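Structure first, commentary second.
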Amino acid sequence: MMKETLTGIRAGSYLAYFSEQGLARLEFPSDRRNRKPAEGATADLPPGLCRWRAITRKAVEQALAGRKPAVLPALDLAAGSAFQREVWKALLTIPPGQTRTYAQVAALVGRPKAVRAVGQACGANPIPVLIPCHRVVSSDGGLGGFSAGIEWKKRLLAAEGRAGFG
DNA sequence: AAACGGCAAAATG
DNA sequence: CATTTTGCCGTTT
């Protein structure tokens, strides 16, 4: 499978992990599932690292401001299953300020009944904020959950001008 | 093989 | 309405 994360970059308040394929994981302070920063050998840094790092910083900045990032860095989603990657790709199509229900996302990936599985996939999203798992809400008008803490979800949606959730 | 979710729709009071 | 089943599906143990 994919090699474990090669290198970690601290930038501002988050920690970005890059593999040779691109950005593999983003961790924010209150993210629950953070592991030990795996130090990468400075020798074999991913080729595009310098560029990716800059792009990532800009993209996160814009995303946190509630705007659509002009450009995203290359993403390495190899860690996920085929199903999860489909879901994550689908999430990327949801514009800022908009939301979809877990059911709608399930339909988007062609598995209308795999609603709970979609929930799981969202929770497994390795690149929060840039892959907008926070724009997925429950059908009953509620927020649904959020692995990094529901407050983040509220905050992100609020930043996108989405009233009624915060 | 069984249990577990960031769910949803139907049934029930 | 608010709660409680019941059905579903990919992951994880």
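Please read all numbers here as calculations on a predicted model, not as lab measurements. Below, chains carry the letters A, B, ... as their sequence lines are ordered, and counting in each starts from 1. As a basis for the values below, the full set of heavy atoms in this structure was taken, side chains included, without hydrogen atoms, waters or symmetry mates.
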If we only count heavy atoms from C-beta on, is the A:R53 to A:R51 side-chain gap below 4.5 Å? no

Every protein N/O lying under 3.5 Å from an N/O of nucleotides 2-5 of chain B:
residue	atom	partner	partner atom	Å
B:dG5	N7	A:R116	NH2	3.0

Pair A:R135 + A:E160, salt bridge at N-O below 4.0 Å: yes

Just compare C:dG10, B:dG6, C:dC9 and give me whichever is closest to any side-chain atom of A:K113. C:dC9

Name the closest nucleotide to the A:S139 side chain, picking from B:dG6, C:dC9, B:dA8. B:dA8

Calculate the interatomic distance between A:W152 atom CH2 and B:dG6 atom C1'; express it in whole Å. 17 Å

In whole Å, what is the span from the CD atom of A:Q84 to the C1' atom of B:dG6? 13 Å

Residues from residues 92-108 of chain A lying under 4.0 Å of DNA chain C - heavy atoms: none

Side chain to side chain contact (heavy atoms under 4.5 Å, CB included) between A:V60 and A:L26, intermediate numbers included: CA-CA 10 Å; A:V60 169; A:L26 268 186; 4.0 Å; yes

Considering only C:dG10, B:dG6, C:dC9, which nucleotide approaches the side chain of A:C133 most closely? B:dG6

Quick one: A:R111 CZ to B:dC7 C1', roughly how many Å, whole number? 17 Å

For A:L157 and B:dG6, give me the distance from atom CG to atom C1', rounded to whole Å. 13 Å

At 4.0 Å (heavy atoms only), tell me whether A:V118 reaches a base, stays on the sugar-phosphate, or touches nothing. nothing

Between B:dG6 and C:dG7, how many Å separate the two P atoms, rounded to a whole number? 22 Å

Pair A:E151 + A:K153: basic N to acidic O under 4.0 Å: no

All stems that DNA chain B takes part in, i.e. 3 or more consecutive Watson-Crick or G-U pairs with distances under 3.5 Å, are B:1-5 with C:9-13, B:7-13 with C:1-7

Linked, directly or transitively: A:L45 and A:I55 (ILVMFWY side chains, under 4.5 Å): no

What distance do A:E20 atom CD and A:L49 atom CG have between them, rounded to the nearest 0.5 Å? 11.0 Å

According to a hydrophobic-cluster definition based on side-chain heavy atoms being under 4.5 Å apart (Ile, Leu, Val, Met, Phe, Trp, Tyr only), do A:L64 and A:L130 belong together? yes

From A:L91 CG over to A:I127 CD1, what is the distance, rounded to the nearest 0.5 angstrom? 11.5 Å

From A:F28 atom CZ to A:Y14 atom OH, the distance as rounded to the nearest 0.5 Å: 7.0 Å

Could you report the tightest heavy-atom contact between A:C122 and A:Y102, atom names first, then the distance? SG-CE2, 4.2 Å

Reported CZ-to-CG distance for the pair A:F146 and A:N125, which is rounded to 0.5 angstrom: 8.0 Å

Could you tell me the separation between the CZ atom of A:R85 and the C1' atom of C:dG10, rounded to a whole number of Å? 14 Å

